[in-house]
Amino acid sequence: MSGPRIDVDLDAVRANVRAVAELTGTPLLAVVKANAYGHGASQVARAALEGGAERLGVVDLREALALRADGFTEPILTWMHGARTDWLAALDADIELGISSLAQLELLDIGLGRLEHSDHSVVVHLKLDTGLGRNGISAIEWESAFTKAAELEARGLIRLEGLFSHLAGAGAAEDAAQLASFKRALELAARCGLTTSVRHLAATAGSMSLPESRFDLVRLGVSLYGLSPFSAGTECPVVLHPALSLSAPIREDPRGFRVDLGQAVGLPPVAAGSVELLDDTGAAWRVASVDSLELRIEPLEGAAAASSRLDQSEEQPRLLVIDAAGSASADTWAAAAGTINYEVVTRLSTRIPRHYSGVTAPRGMGLAHAPAQRDGCELALAPRRELTVDVELLRTRMGERARELAGALAAGMGARHAARAFSVDVSADAYGHGAHLVAGLALEYGLLPLVATKADLEHVGEADRRATLVDHERTSDAASRAVYGFHDPNARVTVSLTSELAHVKRVTAGHGVSYGYDWIAEEPTTLGLVPLGYADAIPRRVAGRGEVVVGGERRPIIGRVAMDQVVIDLQDQEAWIGMPVSVFGSEPRDIHLREWASWSGLEPQAFVAAFGPRIVRRERHAE
Ligand SMILES: *Cc1c(COP(=O)(O)O)cnc(C)c1O
């Protein structure tokens, strides 16, 4: 019980599924994308199925194959794919594909061509844009897409099982308009000769507020976790039980009281005093600030009283940062940070250890791991979400630090003092780079690796752990992170983030985009879909500010940031599915990481340290 930890109550998940099943009377698909909104995909999936869900849903094939590898044999639906997706991997592992454009059907045709005259086919659900303006087949493409799908089915490449769409939740009238549009699509599909047995439109909110949207299946996300999809003031018709608690021991040092949880593990910055928390002895605390690596708190009882209480308690009191039992919820944090409960839990880093209660016997690991390669090539299982570490630049910076250290020693600085002054902070899994890599490099250059907490040592790597210093004081000095180039506006940063366009679509004036329709096209324009959301790298707070670079041009993120994706306005730029997107980087036209940090209100090092598990890290070495 010594460090920060997350506790997940799987009985709560089972109870939530049962409660929604009772209300809706509809078969349920449990949405466990983004590591089950931060709760742990396999554990939640198992509990949700035990609670009565019949299917699972995730965003991409890589997430789906991880579930298969953990022994799940139920239907698994995926709905976001990259331009180079290996469709045969879906066939091999029996994963269902949500398909979002005519172009994607053409890609399927090419990728699955060799299945013709075989008795294998891939199960497909067509995803329709009925007004959300993100991925999904545009209404003007419906007829041609249905015709194409019927052709692929006739040739035996696919088996069309479902038609689905997603509500924008922009209001009752807008939801009703989407429902009507979905019904038109169903009629058109029937006229095009498609027979689909599974029609689905509603996620949690729709399933509760618009019974007509339930059709044959409800895709249940946030309510699985015991959180309401509705904003404060709208009552949730189902009694839900939050499943997640977050806690950490309270420390006192000369700078005050604190716990080792900060922006770098996904906690959102909040104004001083806007959140009050209890510890596990019942004493109350006020949040003073959420820093990069820690949460600073003040006791309501007064510092002297708290100090002597901490001194006298046998077990170190733990601060209940998110408390499933009641005192502070994900909603408390969401209200203080100006965001939604979804983002609060989903952004909690996988570096915080998860503990589960209500675990039943694990399933047999019956299935072999899906193949990672075909014809000697790495399989493309997810859209590109790549954090590239510039190892050469890191080496150059380490070399500079090593020379400075030598200079300080030559000038008579004591060896111990010098080693600390030129140490390299490898906390927070080394801020996107991988602590193992950076600690190893530091030692190679004769520099002392340093971490803020014992928990950070976990990521440093066996051999280098003994050589790594734990020193909270030193990591608060930005100089210990100089090698990364985060703060210097003229310095290149040692990581860059790239993605690809997952969809491109032309829309007419008046088209609303993303949840709540915060952005509406004023004139005809081209929209691009970038498969990165707040689960990955892009906090909701950047909406209305953030930009990415496509083909050398800066393009604004429009509408709300969703968990798995954002939409950008490409205007009249020529663009295609698979076109590279630079989020931040070091090329002359790239956006600097610091700009992203300021849009999101986070420290630059915390911004990268909080990236989610779908981001793939690659190292670039000298050629
Ligand atoms: C995330 C997601 C859901 C789940 O939504 P909740 O509001 O969390 O219930 C359902 N469908 C799709 C397509 C999604 O991306």
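Just so you know, ligand 1 is whichever comes first in the structure, and atom 1 is the first atom listed for that ligand.
Under the ring-ring contact (aromatic ring centres under 6.0 Å, His included) criterion, no residue pair touches residues 322-355, with sequence neighbours excluded. Applying the ring-ring contact (aromatic ring centres under 6.0 Å, His included) rule to pairs touching residues 213-246 yields Tyr37-Tyr225, His39-Tyr225, Phe182-Phe215, sequence neighbours excluded.
With values rounded to the nearest 0.5 angstrom, Leu128 atom CG is found 12.0 Å from Arg184 atom CZ.
At distances below 3.5 Å, at least one donor-acceptor pair connects side-chain atoms of Glu153 with backbone N or O atoms of Leu160. Although no hydrogens or angles enter the test, the distance criterion places no donor-acceptor pair under 3.5 Å between the side chain of Thr85 and the main chain of His81.
Considering only non-hydrogen protein atoms, atom 2 (C) of ligand 1 sits nearest to Lys33 NZ, 2.6 Å. Looking at atom 5 (O) of ligand 1, its nearest protein heavy atom turns out to be Ala203 CB, 3.4 Å. The single protein non-hydrogen atom nearest to atom 4 (C) of ligand 1 is Tyr37 OH, 3.4 Å, given as residue, atom name and distance. With respect to atom 7 (O) of ligand 1, the closest heavy atom belonging to the protein is Tyr342 OH, 2.7 Å. In terms of protein heavy-atom proximity, atom 9 (O) of ligand 1 is nearest to Thr204 OG1, 2.6 Å.
Checked against a 3.5 angstrom limit, the closest N/O atoms of Gly221 and ligand 1 fall inside it. On a distance-only criterion, Leu220 and ligand 1 share no N/O pair closer than 3.5 Å. Inclusion of Arg219 in the set of residues having an N or O under 3.5 Å from an N or O of ligand 1 is warranted.
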Candidate pair Arg614 and Glu63, rule salt bridge (charged side-chain N to carboxylate O under 4.0 Å, His left out), full reasoning: CA-CA 8 Å; Arg614 290 189 300 219; Glu63 291 178 308; 3.2 Å; yes

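At least one heavy atom of His166 sits closer than 4.0 Å to an atom of ligand 1.
Ring geometry for Phe584 versus Phe611: interplanar angle of 30 to 60°, hence tilted.
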